[in-house]
Peer 1: 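This is the structure, below, for whatever I ask next.
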Amino acid sequence: MTLAHPAGENSDSAVKAAEKPRRKRIQPLKALAAIRALKENKEDTGQVFKVIEALSGGAEERLFHRFEASHGGKRVLAEKLDLLALLCDREKLAAMPEGSLGAAYYRFMTSENLTADGLVEASNEMKLRDNIPEAGRLFRDRIRDQHDLWHVLTGYGRDGLGELSLLAFSYAQTRNRGVGAIVLLLSRVADKAYPGCGIWRSIREGYRRGKQAHWLPAEIWEELLPLPLEQVRAKLAVTVPAPEYRRAMAAAEALDAARVELGEPTGDVKLAA
């Protein structure tokens, strides 16, 4: 027997429930398969998304609730703001004021030969996106599309240690166990490849910085991009520079240089850009 909702409650509650991402169970076997594939090919970014997806559990739902309750999240959902479209508009980014976050982002993407939709292809490998309601998809895509903006904001490079340190920062922001698992796994590998170089200090520093910063997923980046980068960092409480990261990178590069001179193999984790 189906009970009708009382007048005035049926449509709103049903639509709201349908718009929220459903709680997912942790899938350890899928995570293990993706981790093995990632060990085989550390450049396979799609496997990172698969590990995070498999181990996130209810993290995404909790994040979505926080997002939709925030001032920024309400605006994004109501106005259906499309961050990716702006980040793909190289002409508009190139015209941003000198010293702005947008100008710094444009230089970063150009120097690294990246495009904003590069992560879209990797995340779409999960083949789960068609089942996500519109609001949930908008939220998930927006977090994904912020990744390289966070690189610019934090000062972490796209080298292996920079990515790991940024993931530690991201874990502090999202508390997603999938992200935490990736950080622990790859940090152990990196520390073994570069012993005594301060890998874990850089990871802990990234985590601390993420805890200290404002909650970035709900920021209106469309309005922050034209502002001076240092002003945005101060506004969002993102401390710079990252001394432990810089020291660890220098030590790892020196160790690899010494290995080359001795004719020994360098570390098996790409730490240098």
Side-chain angles (χ1 to χ4, degrees), residues 42-43 45-46 48-49 52 83-84 86-90 93-94 96 99-123 140-174 176 179 182-183 186-187 190 199 202-222 224-250 252-253 269-273:
K42 297 181 181 66
E43 300 298 320
T45 310
V48 174
F49 284 102
I52 294 172
L83 179 60
L84 180 62
L86 177 56
L87 296 181
C88 286
D89 191 339
R90 295 208 162 199
L93 290 171
M96 294 271 177
S100 67
L101 171 61
Y105 174 80
Y106 175 75
R107 283 196 300 272
F108 176 82
M109 299 298 281
T110 302
S111 65
E112 295 288 344
N113 195 27
L114 296 172
T115 58
D117 55 4
L119 287 174
V120 177
E121 297 177 11
S123 66
R140 175 186 278 190
D141 288 351
R142 193 169 179 87
I143 288 186
R144 177 202 63 204
D145 298 335
Q146 292 177 34
H147 178 77
D148 288 318
L149 277 173
W150 290 17
H151 266 295
V152 176
L153 192 69
T154 60
Y156 288 126
R158 287 191 66 249
D159 51 88
L161 184 57
E163 292 287 4
L164 280 175
S165 300
L166 183 58
L167 280 174
F169 180 100
S170 301
Y171 174 66
Q173 288 271 311
T174 65
N176 186 312
V179 175
I182 287 289
V183 172
L186 297 186
S187 296
I199 301 298
S202 180
I203 300 304
R204 287 192 293 269
E205 177 183 62
Y207 176 76
R208 286 195 302 271
R209 295 177 78 205
K211 282 191 70 175
Q212 293 167 0
H214 292 183
W215 197 57
L216 304 186
E219 291 297 329
I220 306 298
W221 296 96
E222 293 85 347
L224 295 176
L225 281 163
L227 301 181
L229 175 56
E230 295 307 320
Q231 180 181 331
V232 176
R233 285 171 170 164
K235 174 183 174 64
L236 301 182
V238 176
T239 57
V240 286
E244 296 296 347
Y245 164 62
R246 304 296 173 190
R247 279 194 283 267
M249 278 294 296
E253 290 169 354
V269 176
K270 182 183 177 185
L271 288 180

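For this chain, numbers begin at 1 and follow the sequence in order.
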Peer 1: Can you name the side-chain contact (heavy atoms from CB on, under 4.5 Å) partners of R90, sequence neighbours left out?
Peer 2: Y106, M109, T110, T115
Peer 1: Taking the side chain as every heavy atom from C-beta outward, state whether L153 and W221 have any atom pair closer than 4.5 Å.
Peer 2: yes
Peer 1: Any sub-3.5 Å donor-acceptor pair from R233's side-chain atoms to T154's backbone N or O?
Peer 2: no
Peer 1: Which heavy atom of Y105 sits nearest a heavy atom of A116, and at what distance?
Peer 2: OH-CB, 3.6 Å
Peer 1: Once rounded to the nearest 0.5 Å, what's the spacing between atom CG of L93 and atom OG of S100?
Peer 2: 8.5 Å
Peer 1: Closest heavy-atom contact between G162 and Y156?
Peer 2: O-CB, 3.6 Å
Peer 1: Compare every heavy atom of A168 with every heavy atom of I203, then report the nearest pair and how far apart it is.
Peer 2: O-CB, 3.4 Å
Peer 1: Could you tell me whether the side chain of Y245 and the main chain of G157 form a donor-acceptor pair under 3.5 Å?
Peer 2: yes
Peer 1: Please identify each residue that fulfils side-chain contact (heavy atoms from CB on, under 4.5 Å) with L86, with sequence neighbours left out.
Peer 2: K92, E222, L225
Peer 1: If you round to the nearest 0.5 Å, how far is CE of M96 from CG of L227?
Peer 2: 9.5 Å
Peer 1: Please round to the nearest 0.5 Å and tell me the distance separating atom CZ of R158 and atom CG of L166.
Peer 2: 11.5 Å
Peer 1: Measuring from L164:CG to L186:CG, what's the distance to the nearest 0.5 Å?
Peer 2: 5.5 Å
Peer 1: Just wondering, do V152 and R107 contact through their side chains at under 4.5 Å, heavy atoms?
Peer 2: no
Peer 1: Does E244 use its side chain to pair, donor to acceptor, with the backbone of E205 at less than 3.5 Å?
Peer 2: no
Peer 1: Counting C-beta onward and ignoring hydrogens, is there a side-chain heavy-atom pair between I199 and L161 closer than 4.5 Å?
Peer 2: yes
Peer 1: Would you say L149 and L87 make side-chain contact, with heavy atoms under 4.5 Å?
Peer 2: yes
Peer 1: Examine distances only and state if a side-chain atom of Q173 and a backbone atom of L216 form a donor-acceptor pair shorter than 3.5 Å.
Peer 2: yes
Peer 1: Report yes if the side chains of L224 and L236 come closer than 4.5 Å at any heavy-atom pair, otherwise no.
Peer 2: yes
Peer 1: Evaluate the ring planes of H151 and F108, with Trp represented by its six-membered ring, and classify them as parallel (under 30°), tilted (30 to 60°) or perpendicular (over 60°).
Peer 2: parallel
Peer 1: Could you check whether any side-chain N or O of Q212 sits under 3.5 Å from a backbone N or O of A237, counting only pairs where one atom can act as donor and the other as acceptor?
Peer 2: no
Peer 1: Which salt bridge (Lys or Arg N to Asp or Glu O under 4.0 Å) pairs, counting each pair once, include a residue from residues 207-220, with sequence neighbours left out?
Peer 2: none
